[in-house]
Amino acid sequence: MRSKRHTLEVLGPLDLPLTFSCGQAFRWRPVAGDGAAGRDGGTGASGLWSGVVGGAEILASASGLPPVAIQVEIRGESPGAAALRRYFRLDENPREYLSGAGTPAAELAALPGFRDLLGMRLLRQEPWETLVSFICSAASNVRKIAGGVEGMAERWGEPIAGSARRSFPAPERLARAREQDLRALGIGFRAPYVLGAARRIARDGWDWDSLRVAPIEEARARLQDLPGVGPKIADCVLLFGVDRLDTYPVDRWIRRATLELTGRRRARDEELEAWSRRLGPGRGYLQQIIFHLRRTGGPLPPLPSERPARRKAS
DNA sequence: TCCTCTCCTTGCTT
DNA sequence: AAAGCAAGGAGAG
């Protein structure tokens with residue numbers, strides 16, 4: 001099968017390495033530099049990335065100066081250029097999530113380093129793969145999660161024509177796996193959760209589309225009914241898998257960062273989530289940037305509007 | 001109902 | 001080298 005190529009024009013800033021490595025997706029990896037070079041040590045210095053979307057391997061790279069674009073080469077069943085634009089969320093400009101001067105979102109954007117991260121694109125990923133990925137994320141790290149997800153694809157996924165990679169296996173396929181074989185991939189105590197979720201969905205069916213429009217509390221409750229899915233993972237699935245940017249997943253890093261931003265010493269997760277609503281409808285995207293900012297840039301200063309008023313000396 | 005504690009795998013870090 | 005730690009969840013108390 002001949003591979004197809006597309007040039008996807010980008011609205012707004014774009015940082016492909018950040019987009020693929022920030023912890024939202026787990027099947028993108030740098031392609032070693034081609035030819036005699038090949039000495040980037042897997043750092044992606046060649047600028048070329050390989051990922052799997054549906055039944056296709058996508059080779060992606062960012063083209064140079066404005067107009068910025070993503071060059072893609074597709075192997076396997078092409079999802080089509082329109083679907084890839086959706087996947088990369090190229091129809092939106094991330095700056096829109098900061099609109100509204102004087103709002104907490106705008107204050108966030110003023111923090112040092114924040115603007116440099118606007119090239120992070122929130123991918124519209126496949127819900128089922130997102131669910132499994134984040135079930136595996138419990139008390140883990142990006143590297144281990146990626147190993148587990150890739151291992152499931154290698155073992156139970158469908159081959160992709162013209163590619164060495166495989167699609168992510170459907171729930172019905174994972175439901176037939178043995179727990180022991182899942183554990184062999186290194187996902188440990190999360191194996192029975194993955195298996196349980198796969199079996200439930202394979203047996204009872206699952207309507208992802210209704211999660212896209214359901215009231216957020218109802219959507220969260222439905223996901224949390226699955227084994228291995230609590231509040232944090234439910235929110236991640238909603239955010240990354242069904243395009244619900246009106247979620248604010250609270251993990252230990254976001255908890256710490258949000259406490260700092262609000263200038264509070266302690267708060268329950270629900271209170272942090274309630275505060276996040278002031279960040280507007282794009283708070284899920286902002287969460288992802290805050291996460292990265294907090295992990296790489298140290299403590300965050302309180303936002304001006306949240307800073308407790310200083311008492312005047314009497 | 002809500003909070004806190006412990007256990008659960010694995011592998012890398014200190 | 002033993003202990004700590006990592007994008008949590010489930011179960012007990």
Side-chain angles (χ1 to χ4, degrees), chain A residues 18-28 41-42 117 120-123 125 127 129-152 155 177-201 217 220-242 244-245 247-261 265-274 276 283-300:
Chain A
L18 180 60
T19 297
F20 293 146
S21 307
C22 69
Q24 62 171 323
F26 304 94
R27 293 205 69 191
W28 285 97
L117 303 180
M120 176 192 296
R121 293 282 162 162
L122 210 63
L123 302 173
Q125 303 182 68
E129 179 180 330
T130 305
L131 171 64
V132 174
S133 299
F134 280 91
I135 287 178
C136 292
S137 77
S140 188
N141 54 60
V142 173
R143 194 183 150 83
K144 277 184 67 173
I145 301 164
V149 172
E150 193 65 28
M152 291 179 217
R155 169 124 198 198
R178 292 184 305 176
E179 180 181 323
Q180 162 190 351
D181 293 328
L182 273 168
R183 282 181 181 268
L185 302 177
I187 65 174
F189 62 88
R190 308 156 192 94
Y193 296 156
V194 171
L195 204 49
R199 286 178 175 163
R200 172 100 56 94
I201 289 177
E217 290 309 325
R220 295 178 78 189
R222 280 177 48 194
L223 280 166
Q224 287 185 61
D225 194 42
L226 292 169
V229 182
K232 194 273 180 180
I233 291 176
D235 278 350
C236 283
V237 174
L238 289 171
L239 175 58
F240 301 121
V242 284
R244 295 297 293 257
L245 272 62
T247 59
Y248 191 80
V250 177
D251 62 22
R252 62 179 76 194
W253 288 94
I254 284 298
R255 150 165 286 283
R256 200 176 313 170
T258 309
L259 283 174
E260 289 163 3
L261 291 171
R265 286 193 59 79
R266 53 180 303 166
R268 293 178 306 167
D269 284 353
E270 296 78 41
E271 298 174 298
L272 298 179
E273 200 270 340
S276 77
R283 53 189 173 275
Y285 171 76
L286 299 177
Q287 183 267 8
Q288 192 62 16
I289 294 190
I290 293 170
F291 176 79
H292 196 270
L293 209 54
R294 182 59 182 79
R295 288 203 68 174
T296 60
L300 303 178

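Numbered from 1 within each chain, the chains take letters A, B, ... in sequence-line order.
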Nearest to side-chain heavy atoms of [X], which nucleotide of [options]:
| X | options | value |
| --- | --- | --- |
| A:Pro231 | C:dA7, C:dG8, C:dG9 | C:dG9 |
| A:Phe189 | B:dT9, C:dA7, B:dC12 | B:dT9 |
| A:Lys144 | C:dA7, B:dG11, C:dG9 | B:dG11 |
| A:Arg268 | C:dA10, B:dC3, C:dA6 | B:dC3 |
| A:Asn141 | B:dC12, C:dG9, C:dA6 | C:dA6 |

Between [X] and [Y], is any pair of side-chain heavy atoms under 4.5 Å apart?
| X | Y | value |
| --- | --- | --- |
| A:Asp269 | A:Glu273 | no |
| A:Leu261 | A:Ile290 | yes |
| A:Ser140 | A:Arg190 | yes |

Figure out the [atom1]/[atom2] separation between [X] and [N], and round it to whole Å.
| X | N | atom1 | atom2 | value |
| --- | --- | --- | --- | --- |
| A:Gln125 | C:dA7 | CD | P | 18 Å |
| A:Lys232 | C:dA7 | NZ | P | 9 Å |
| A:Ile290 | C:dA7 | CD1 | P | 16 Å |
| A:Asp269 | B:dT4 | CG | P | 11 Å |
| A:Ile254 | C:dA6 | CD1 | P | 15 Å |
| A:Ile135 | C:dG9 | CD1 | P | 10 Å |
| A:Ile233 | B:dC8 | CD1 | C1' | 13 Å |
| A:Leu185 | B:dT9 | CG | C1' | 13 Å |

Say you pick atom [atom1] in [N] and the same atom in [M]; how far apart are they, in whole Å?
| N | M | atom1 | answer |
| --- | --- | --- | --- |
| C:dA7 | B:dT14 | P | 14 Å |
| C:dG9 | B:dG11 | P | 22 Å |
| C:dG4 | B:dT6 | P | 13 Å |

Practice item. Please confirm whether any donor atom in the side chain of A:Arg190 sits under 3.5 Å from an acceptor in the base of B:dT9, or the reverse. Key: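 Yes, the side chain and the base share a sub-3.5 Å donor-acceptor pair.
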Point to revise | base_contact_polar (C:dA10 base, A:Gln224 side chain, donor-acceptor, <3.5 Å) | key: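 When only heavy-atom distances are counted, A:Gln224 does not reach the base of C:dA10 through any donor-acceptor pair under 3.5 Å.
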Sugar-phosphate only, base, or nothing, as touched by [X] at under 4.0 Å among non-hydrogen atoms:
| X | value |
| --- | --- |
| A:Cys22 | base |
| A:Val229 | sugar-phosphate |
| A:Gln287 | base |
| A:Gly228 | sugar-phosphate |

Review point. Who does B:dC2 pair with, Watson-Crick or G-U, both distances under 3.5 Å?
Key: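 For B:dC2, the partner nucleotide comes out as none, under the 3.5 Å rule.
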Exercise for review: Using both distances under 3.5 Å as the test, list the Watson-Crick or G-U wobble partner of B:dT9, or none.
Suggested key: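 Base partner found: none.
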Practice item. State whether A:Glu179 and A:Arg183 are salt-bridged, where the test is any N-O pair (Lys NZ or Arg NE/NH1/NH2 against Asp/Glu carboxylate O) under 4.0 Å. Key: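 Salt bridge present between A:Glu179 and A:Arg183.
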**Study point:** Under 3.5 Å: donor-acceptor pair, side chain of A:Arg244, backbone of A:Val237
**Key:**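 Such a contact is absent between A:Arg244 side chain and A:Val237 backbone.
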Exercise for review: Answer yes or no for this row: A:Phe134 ring on C:dA7 base, centroids under 5.5 Å, planes under 30°.
Suggested key: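 Given the distance and angle limits, no, they do not stack.
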Check your understanding: DNA chain C: A:Trp253 or A:Leu226, which has the more 5' nearest nucleotide?
Key ->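 Per heavy-atom nearest nucleotide, the more 5' residue is A:Trp253.
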Review point. Out of A:Gln287, A:Gln125, A:Gln24, A:Arg283, which one pairs with A:Leu239 under the side-chain contact (heavy atoms from CB on, under 4.5 Å) rule?
Key: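 Among A:Gln287, A:Gln125, A:Gln24, A:Arg283, the one that satisfies the side-chain contact (heavy atoms from CB on, under 4.5 Å) with A:Leu239 is A:Gln287.
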